[in-house]
Amino acid sequence: MIAVVEDDESIRDIELYTLKTTGFHAIGFPDGESFFAALKHEIPELVILDVMLPNEDGLSILRKLRASAAAAKIPVILATARGSEYDKVNGLDLGADDYLVKPFGMMEMISRVRAVLRRTSEEKPEDVLSCGSLRMDRARHTVTSDNKPVMLTLKEYELLHALMKHPGMVYTRDQLLNDIWGMEYDGETRTVDVHVRTLRQKLGKAGECIETVRGIGYRLAGNKV
């Protein structure tokens, strides 16, 4: 879940709409009080935090997050006013992972969210990723489906790993091509489709968890397994 803490309702609605249509589960909050109340029930994967908020500003909220044992490691992207260098520097010093300068484009926001999630995931790798009957052991570099080993090529393994790191996140074909085959790769996005098809076949029933998002790309949907 992505938490958006923004007091301007119109901005908050646009951010939530963009996040949801890009494959994220997102919830908005108008202030720190409502955000901290929700934090007692669910820890978000990432927070987009506006600096200028009523009652308690974003920097104060960030301090509380970093001082909390339960929430200290939540990635935070600060949204700051244009030209407010103090807020950017202070926010980064307090432990923010990135920042957006208002007004910012929605695609820039999505790009930064994905980049921070990838970076923080790489910094804190999980040894085992699972989705229903599908299980990936990164330490042993193995994949099992219904407790049966699945033999994958390196690219198939990397493709599955990319999808399993962030269930529900939509990856475009171009993004998967760049992340797995590299920027220098001169192939076509059909390469991704071919590997996904083969991956589904090898995973059997568990392969149904890899969803095609028409016109965009792919995502992992855990409820399919």
Side-chain angles (χ1 to χ4, degrees), residues 1-6 11-12 14-29 35 38-39 41-51 58 61-62 65-66 68 70-80 88 91-92 94-101 104-131 134-136 138-139 157-183 192 196 209-211 213 216-223:
M1 183 265 284
I2 307 295
V4 176
V5 188
E6 167 63 63
I11 295 176
R12 187 172 68 247
I14 293 173
E15 292 178 357
L16 291 173
Y17 174 80
T18 304
L19 286 164
K20 291 175 181 177
T21 56
T22 319
F24 293 99
H25 173 48
I27 301 178
F29 305 95
F35 168 64
L39 203 60
H41 304 285
E42 183 176 6
I43 300 295
E45 292 179 84
L46 180 143
V47 180
I48 299 175
L49 178 61
D50 187 30
V51 171
I61 292 172
L62 179 59
L65 287 175
R66 293 299 179 246
S68 166
K73 295 184 179 180
I74 301 174
V76 175
I77 298 177
L78 284 180
T80 70
K88 289 186 288 187
L92 292 172
L94 289 172
D97 296 88
D98 202 350
Y99 63 86
L100 287 159
V101 178
F104 52 82
M106 291 299 99
M107 290 304 99
E108 179 189 0
M109 177 188 73
I110 294 299
S111 177
R112 289 184 180 274
V113 165
R114 284 175 169 160
V116 169
L117 286 175
R118 285 198 301 269
R119 187 167 68 245
T120 54
S121 175
E122 290 165 0
E123 289 171 353
K124 302 185 290 292
E126 296 292 338
D127 287 338
V128 177
L129 299 174
S130 61
C131 179
L134 185 61
R135 179 184 174 93
M136 173 180 282
R138 296 180 61 193
Y157 181 91
E158 292 177 346
L159 176 59
L160 182 61
H161 177 233
L163 296 171
M164 291 188 72
K165 279 195 301 183
H166 303 295
M169 180 188 293
V170 178
Y171 288 86
T172 66
R173 289 173 174 84
D174 284 334
Q175 183 181 358
L176 289 170
L177 197 65
N178 289 336
D179 288 353
I180 296 169
W181 280 267
M183 293 294 292
V192 176
V196 167
C209 69
I210 303 175
E211 285 190 339
V213 182
I216 302 178
Y218 299 96
R219 68 180 170 197
L220 192 81
N223 61 348

Exercise. Hey, what do you get for OG1 (T22) to CZ (R114), rounding to the nearest 0.5 Å?
Worked result: 6.0 Å

Problem set entry | Flag, side chain of E45 to backbone of M1, donor-acceptor distance under 3.5 Å | yes

Exercise. Counting only N and O atoms by type, is there a donor-acceptor contact under 3.5 Å from the side chain of Y99 to the main-chain atoms of G91?
Worked result: no

Exercise. Can you name the closest pair of heavy atoms from L62 and L49 and give their distance?
Worked result: N-CD2, 4.1 Å

Seminar exercise, completed: On a heavy-atom basis, the closest approach of A162 and Y171 is O-OH, 3.1 Å

For this session: Supply the atom-to-atom distance L92 CG to T80 OG1, rounded to the nearest 0.5 angstrom.
Result: 9.5 Å

For this session: Without swapping roles, check the side chain of R66 against the backbone of G95 for a donor-acceptor pair under 3.5 Å.
Result: yes

Problem set entry | D97 side chain vs V76 backbone, donor-acceptor pair below 3.5 Å | yes

Seminar exercise, completed: When every non-hydrogen atom of V170 is compared with those of G23, the smallest separation belongs to CG2-CA, 3.5 Å

Problem set entry | side-chain contact (heavy atoms from CB on, under 4.5 Å) evaluation trace for V196 with L176 | CA-CA 11 Å; V196 167; L176 289 170; 5.6 Å; no

Exercise. Where do L117 and F24 land on the side-chain contact (heavy atoms from CB on, under 4.5 Å) test, with the steps shown first?
Worked result: CA-CA 12 Å; L117 286 175; F24 293 99; 3.8 Å; yes

Exercise. Which distance, rounded to the nearest 0.5 Å, do you find between the OG1 of T21 and the CD1 of I110?
Worked result: 7.0 Å

For this session: Using the side chain to side chain contact (heavy atoms under 4.5 Å, CB included) rule, pick out the option among D50, L16, I27, I14 that qualifies with V4.
Result: L16

For this session: Output the distance between atom CG (L94) and atom CG (L65), rounded to the nearest 0.5 Å.
Result: 11.0 Å

Exercise. Hey, what do you get for CD1 (I74) to CD1 (I43), rounding to the nearest 0.5 Å?
Worked result: 4.5 Å

Exercise. Under the side-chain contact (heavy atoms from CB on, under 4.5 Å) criterion, do Y218 and R173 qualify, and how do the steps go?
Worked result: CA-CA 7 Å; Y218 299 96; R173 289 173 174 84; 3.7 Å; yes

For this session: State the CD-CE distance between E15 and M106, to the nearest 0.5 angstrom.
Result: 5.0 Å

Seminar exercise, completed: Heavy-atom closest pair (P75 atom, V116 atom, distance to 0.1 Å) is CB-CG1, 3.6 Å

Exercise. Under 3.5 Å, is there a donor-acceptor pair between the side chain of S111 and the main chain of M107?
Worked result: no

Seminar exercise, completed: What one should report as the nearest heavy-atom pair of F35 and A3 is CE1-CB, 3.9 Å

Exercise. Can you list the steps and then say if M109 with L100 is a side-chain contact (heavy atoms from CB on, under 4.5 Å)?
Worked result: CA-CA 7 Å; M109 177 188 73; L100 287 159; 4.0 Å; yes

